[in-house]
Amino acid sequence: MSDTEENTEMTIPCVLITSCDSGFKEEELIKQILGTKYLPEPTKREETVAWYPWTINNKYYTADVRLCVVPSTFQMSSEIAQSMQAFIAYFDSTVKDGLEKLHPWISVVEDIAPEVLILVCDRVCESGVTRHEAQQWCLTHGFELVELNPQEVPDEDDDFPESTGVKRIVQALNANVWSSVEMKDGHNQGFGLMSSLVASRHNNPRSCQDPPQSSSLPEEGVLVNEEANHTERSTNTQENTVVDAMTDLDIQELANLTAGDADVDNFERLFTKLKEMKDKASSLPHEQRKVHAEKVSTCIHPWLLLIFILYFYLFLNLLSR
């Protein structure tokens, strides 16, 4: 690989995926995320570490990322730490000490502080790691628990059912603001700071989260940056502004829908939009989630939305007769 190609590769953000269960390989989760039976050719491989390409392509943007397999903390390097913007860990929930095997990763994650933290298992187990234990662990360390095959599935009659399994993982990754993001035409309004955010991350890759000299990473993976605190405050402010801009766009679209004609197509678009906004909000940090809810509640006329919802149910009742 040439120096130019290597530098370009390092600027692409990565999702670090690790498994603390010897019976479950990281590549299996990658195949589920990609929705394929076979793995693509890795863009890079170093012994047991491999980078797999993935292009996130949704309604609002596209972003090139790498799904990076890292079996243990001993394989961590400064390159991985600088590009890591999401961390997904799989554990064996059928054994009592399943969560204890994640302990070596805690200090690494705390030092780098990626935006997305997901704890994955097949399903919680009463004879192993219970739901309460897994949720308490996630609450302590700031993770989201995702069961690939949960015993309890959302009620199909629920207007806004929770996403589960690998669908929820993909959803959370889609909701992140990646440093490689490219907004699609028609969704650029309100994203004035997007280019500066991306430039900041590319010029200082993960510098806002670079850890001080410590023993939490292997020696070859230690990052040193004397301006980490200042850069963190600056980058966090920019990221919050971008999230606010995305919320404002959603609210504007929601307001347009509530002000539109009361036909069934408009109703469907309204509830689809509400579901999208709920999914986005669920992946935000607690404080941003509160701001998101306040904006939605204050910018949409409550009685107008209530009338819209009541009208929708009356319409459905008439159709069912």
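Listed by chain and number, the residues in a side chain to side chain donor-acceptor pair (under 3.5 Å) with Ser72 are Gln75 (sequence neighbours excluded). Take Glu46 and apply the salt bridge (charged side-chain N to carboxylate O under 4.0 Å, His left out) test, not counting sequence neighbours, and it matches Lys44. For Asn149, the side chain to side chain contact (heavy atoms under 4.5 Å, CB included) partners at least two apart in sequence or on another chain are Asp122, Arg123. The side chain to side chain contact (heavy atoms under 4.5 Å, CB included) test applied to Thr94 returns Asp92, not counting sequence neighbours. Remark: Tyr90 engages no residue in a side chain to side chain donor-acceptor pair (under 3.5 Å) (not counting sequence neighbours). In this structure, the ring pair (Phe, Tyr, Trp, His ring centres under 6.0 Å) partners of His141, at least two apart in sequence or on a different chain, are Trp137. For the side chain to side chain contact (heavy atoms under 4.5 Å, CB included) test, residues two or more places apart in sequence or in another chain that qualify with Glu100 are Asp97. For the ring pair (Phe, Tyr, Trp, His ring centres under 6.0 Å) test, no residue two or more places apart in sequence or in another chain qualifies with Trp54. Partners of Ala86 by side chain to side chain contact (heavy atoms under 4.5 Å, CB included), not counting sequence neighbours, listed by chain and number: Val15, Val116, Leu173, Trp178.
Side-chain atoms of Ser180 never come within 3.5 Å of backbone atoms of Ala63 as a donor-acceptor pair (strictly under, hydrogens ignored). Checked by atom type and distance alone, the side chain of Ser83 pairs as donor or acceptor with a backbone atom of Glu79 at under 3.5 Å. With Glu115 contributing its side chain and Val177 its backbone, the two residues share no donor-acceptor pair below 3.5 Å. Panel note: side chain Gln136, backbone Glu133; no donor-acceptor pair is recorded below 3.5 Å.
Between Phe24 and Leu29 there is a side-chain heavy-atom pair separated by less than 4.5 Å. Residues Leu119 and Leu99 have side chains in contact (heavy-atom distance under 4.5 Å, counting atoms from C-beta outward). In this structure the side chain of Asn176 never reaches within 4.5 angstrom of the side chain of Ile56, judged on heavy atoms. Counting only heavy atoms from C-beta outward, the side chains of Tyr52 and Arg45 approach each other to under 4.5 Å. A 4.5 Å side-chain heavy-atom check between Trp105 and Leu16 finds at least one atom pair inside the cut-off.
The heavy-atom pair separating Val124 from Ala134 by the smallest distance is CG1-CB, 4.2 Å. What you find for Pro53 and Leu34 is that their closest heavy atoms are O-CD2, 4.2 Å. The minimum heavy-atom distance linking Val95 with Val129 is given by the pair O-CG2, 3.4 Å. The two residues Ala172 and Glu144 come nearest to each other via the heavy atoms CB-OE1, 4.4 Å. What you find for Gly165 and Val146 is that their closest heavy atoms are O-CG1, 3.3 Å. Here the shortest heavy-atom pairing between Ile12 and Val65 reads CG2-CA, 3.7 Å.
Counting only residues at least two apart or in different chains, side chain to side chain donor-acceptor pair (under 3.5 Å) contacts with residues 17-27 are absent. Among residues at least two apart or in separate chains, there is no ring-ring contact (aromatic ring centres under 6.0 Å, His included) pair with a member in residues 106-125.
When only modelled atom types and interatomic distance are considered, Glu147 and Thr164 share no side-chain donor-acceptor pair under 3.5 Å.
How far CG of Leu39 is from NZ of Lys31: 5.5 Å, rounded to the nearest 0.5 Å. With rounding to the nearest 0.5 Å, the separation of CG in Leu67 from CD1 in Ile30 is 5.0 Å.
Using a 4.0 Å cut-off between a side-chain N of Lys or Arg and a carboxylate O of Asp or Glu, Arg131 and Glu126 do not qualify as a salt bridge.
For Glu182, the CD atom sits in a loose shell: 12 or fewer heavy atoms of surrounding residues, nucleotides or ligands are nearer than 6.0 Å.
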### Task
Please report the C-alpha distance between Thr130 and Cys125 in whole Å, then the side-chain angles of each, then the deciding distance to 0.1 Å, and finally whether the side-chain contact (heavy atoms from CB on, under 4.5 Å) criterion is met.
CA-CA 5 Å; Thr130 66; Cys125 180; over 6 Å; no
